[in-house]
Engineer: 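Have a look at this one before I ask anything.
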Amino acid sequence: MVYGTNALLSAALGLAVAIAAHSAHSAFRDAAAYPSKPIRILVGFTPGGGPDITARYLAQKLTESWKQQVVVDNRPGAGGTFAANAAATANPDGYTLLSVSSAHAVAPAIYPTLPYNIKDLSGITLSATSKYVLVVAPSSNVKSVSDLLATARARPGELNFSSAGVGSGTHFAGELFKAIAAVDVVHVPYKGIPEALTDAMTGRVHFFMSPIANAVNLVREGKLRGLGVSSKERDVLLPELPTIAESGVPGYESILWFGLLTSSRTPRAVVAKVNSEAKRILSDAEVRMRWASIGLEPHPPTPGEFDKLIAEDTATFARLARAGNIRAE
């Protein structure tokens with residue numbers, strides 16, 4: 001009886017090893033043949049934003065190198081969650097990719113229910129990062145971050161900041177500033193960045209955490225006053241501006257990022273192949289020169305490193321959403 005049991009265990013172990021070997025061989029074969037048909041990159045936003053710009057550049061370069069058509073498919077709506085759900089539920093073969101911004105990590109914090117779990121999607125590569133710049137109207141008496149803090153603390157609940165909408169990156173950059181600086185300021189959501197910028201320029205709102213690409217020329221032209229940048233280091237586009245962290249809010253850092261995801265069930269060998277090619281493309285001097293003028297910096301990490309960034313930001317945004325009772329409108 002013992003002998004029979006051992007024989008069964010040996011047979012089961014042998015079968016498991018055979019299945020694992022077959023799976024590994026299949027994954028290797030799939031990766032070797034990939035891509036053998038057109039690839040779609042879904043974008044959950046309208047054309048022109050960071051997720052679209054980075055996706056279109058990668059699509060063009062991947063088409064050239066792989067000789068397979070890589071097309072961008074814009075599916076805007078619900079903060080990018082429509083497109084995210086389509087990618088999460090697509091056939092996990094690597095032929096449906098998703099270009100996201102850091103709003104991807106915000107979604108679980110502000111939507112009571114999502115049609116997918118954020119873990120249904122995993123990282124391929126971080127395409128680019130960008131910074132925010134804290135801006136005020138040129139007519140404002142606030143000349144520095146220290147001035148803004150002093151005014152906010154002297155007038156709790158009276159100052160406000162604009163954003164491109166509830167749950168947007170500009171919203172959470174402002175909420176993080178509010179939390180770390182421990183100031184009582186009021187959020188005023190707008191329909192998009194242009195509206196939020198306009199009212200910051202006229203002084204209808206007291207400050208705005210603008211993506212640097214949208215504010216750099218206005219700051220240079222004197223139509224906005226820049227107080228500080230949201231990164232750990234100063235930015236080459238506005239080198240005269242200090243960081244917010246060095247200006248009275250130690251530890252403040254808020255980075256806007258863009259990247260490629262796919263279904264978590266996609267074979268790791270296929271993910272590695274896309275990552276490797278994207279990393280080659282994004283490491284080229286051409287992309288650095290092209291994107292520098294719009295405040296984008298290519299940063300291609302490993303899939304695991306990108307997943308770690310998403311997890312960390314998801315936790316941070318969830319904490320801010322709970323503290324501020326923030327929910328999607």
Side-chain angles (χ1 to χ4, degrees), residues 38-60 62-63 69-91 95-118 120-130 132 162-174 187-198 208-215 255-263 291 294-296 306 310 313-314 317 321 326-329:
I39 299 167
R40 288 183 307 157
I41 302 180
L42 303 181
V43 179
F45 305 91
T46 53
D52 182 73
I53 291 169
T54 53
R56 289 184 186 279
Y57 185 86
L58 284 169
Q60 175 194 337
L62 288 171
T63 297
Q69 192 68 29
V70 181
V71 298
V72 174
D73 182 358
N74 294 86
R75 298 191 186 184
T81 60
F82 289 161
N85 184 52
T89 56
N91 188 11
Y95 290 92
T96 301
L97 311 181
L98 176 69
S99 182
V100 297
S101 71
S102 39
H104 172 70
V106 170
I110 65 170
Y111 290 98
T113 58
L114 285 173
Y116 62 93
N117 187 305
I118 195 169
D120 293 339
L121 293 159
S122 61
I124 296 175
T125 187
L126 187 66
S127 306
T129 61
S130 188
Y132 299 99
S162 56
S163 81
V166 174
S168 64
T170 56
H171 178 193
F172 275 84
H187 173 231
V188 181
Y190 286 76
K191 291 183 179 179
I193 289 173
E195 296 87 350
L197 267 176
T198 297
F208 175 46
M209 287 287 190
S210 173
I212 197 167
N214 299 91
I255 298 298
L256 178 61
W257 50 258
F258 310 99
L260 280 184
L261 309 177
T262 191
S263 166
W291 286 0
I294 56 174
L296 294 180
F306 188 25
I310 293 171
D313 274 8
T314 299
F317 295 144
I326 302 166
R327 290 288 180 270
E329 295 179 330

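Note that the structure is predicted; figures quoted are calculated from it, not measured.
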Engineer: Given Arg56, which partner from the list Asp52, Leu58, Ile53, Thr54 fulfils the side-chain contact (heavy atoms from CB on, under 4.5 Å) test?
Structural biologist: Asp52
Engineer: If you compare all heavy atoms of Thr129 against all heavy atoms of Leu126, which two are closest, and at what distance to 0.1 Å?
Structural biologist: CG2-CD2, 3.8 Å
Engineer: What's the spacing between Leu260 CG and Leu97 CG if we round to 0.5 Å?
Structural biologist: 6.0 Å
Engineer: Just by distance, do the side chain of Thr96 and the backbone of Thr262 share a donor-acceptor pair under 3.5 Å?
Structural biologist: no
Engineer: How close do Leu98 and Ala87 get, counting heavy atoms only, and between which atoms?
Structural biologist: CB-CB, 3.8 Å
Engineer: Over all heavy atoms of both residues, which pair between Ala59 and Thr63 is shortest? Give the atoms and the distance, please.
Structural biologist: O-OG1, 2.8 Å
Engineer: Below 4.5 Å, heavy atoms only, C-beta onward: do Ile255 and Ser102 meet side chain to side chain?
Structural biologist: no
Engineer: Please examine the side chains of Ile41 and Val70, heavy atoms only from C-beta on, and report whether any two atoms are closer than 4.5 Å.
Structural biologist: yes
Engineer: Side chains of Leu121 and Val100: closer than 4.5 Å at any heavy-atom pair?
Structural biologist: no
Engineer: Sequence neighbours left out, what passes ring pair (Phe, Tyr, Trp, His ring centres under 6.0 Å) with Phe306? Give chain and number order.
Structural biologist: Trp257
Engineer: Taking only residues two or more places apart in sequence or in another chain, which ones pass ring pair (Phe, Tyr, Trp, His ring centres under 6.0 Å) with Tyr132?
Structural biologist: none
Engineer: Measuring from Tyr116:OH to Thr89:OG1, what's the distance to the nearest 0.5 Å?
Structural biologist: 11.0 Å
Engineer: Are any of the side-chain heavy atoms of Ser168 and Ser163 separated by less than 4.5 Å?
Structural biologist: yes
Engineer: Sequence neighbours excluded and cut-off under 3.5 Å, please list the side-chain donor-acceptor pairs for residues 189-198, or say none.
Structural biologist:
| from | atom 1 | to | atom 2 | distance (Å) |
| --- | --- | --- | --- | --- |
| Tyr190 | OH | Asp199 | OD2 | 2.6 |
| Glu195 | OE1 | Gly192 | N | 3.2 |
| Thr198 | OG1 | Pro194 | O | 2.9 |

Engineer: Output yes when a side-chain donor or acceptor of Ser99 lies under 3.5 Å from a complementary backbone atom of Pro51, and no otherwise.
Structural biologist: yes
Engineer: Can you list the residues that meet the salt bridge (charged side-chain N to carboxylate O under 4.0 Å, His left out) rule with Asp313, with sequence neighbours excluded?
Structural biologist: none
Engineer: Which heavy atom of Val166 sits nearest to which heavy atom of Ala328, and what is that distance?
Structural biologist: CG1-CA, 4.2 Å
Engineer: For the residue pair Phe172 and Ile326, establish whether any side-chain heavy-atom pair is separated by less than 4.5 Å.
Structural biologist: yes
Engineer: Could you tell me which non-hydrogen atom of Ser263 sits nearest to which non-hydrogen atom of Ala88, and how far apart they are?
Structural biologist: OG-O, 4.3 Å
Engineer: Side-chain donor-acceptor pairs under 3.5 Å in residues 75-82, sequence neighbours left out?
Structural biologist:
| from | atom 1 | to | atom 2 | distance (Å) |
| --- | --- | --- | --- | --- |
| Arg75 | NE | Asp73 | OD2 | 3.1 |
| Arg75 | NH2 | Asp73 | OD2 | 3.1 |
| Thr81 | OG1 | Ala78 | O | 2.8 |

Engineer: For Gly123 and Leu261, work out which heavy atoms get closest and say how close.
Structural biologist: CA-CD2, 3.6 Å
Engineer: Mind checking what makes ring pair (Phe, Tyr, Trp, His ring centres under 6.0 Å) contact with His171, not counting sequence neighbours?
Structural biologist: His187
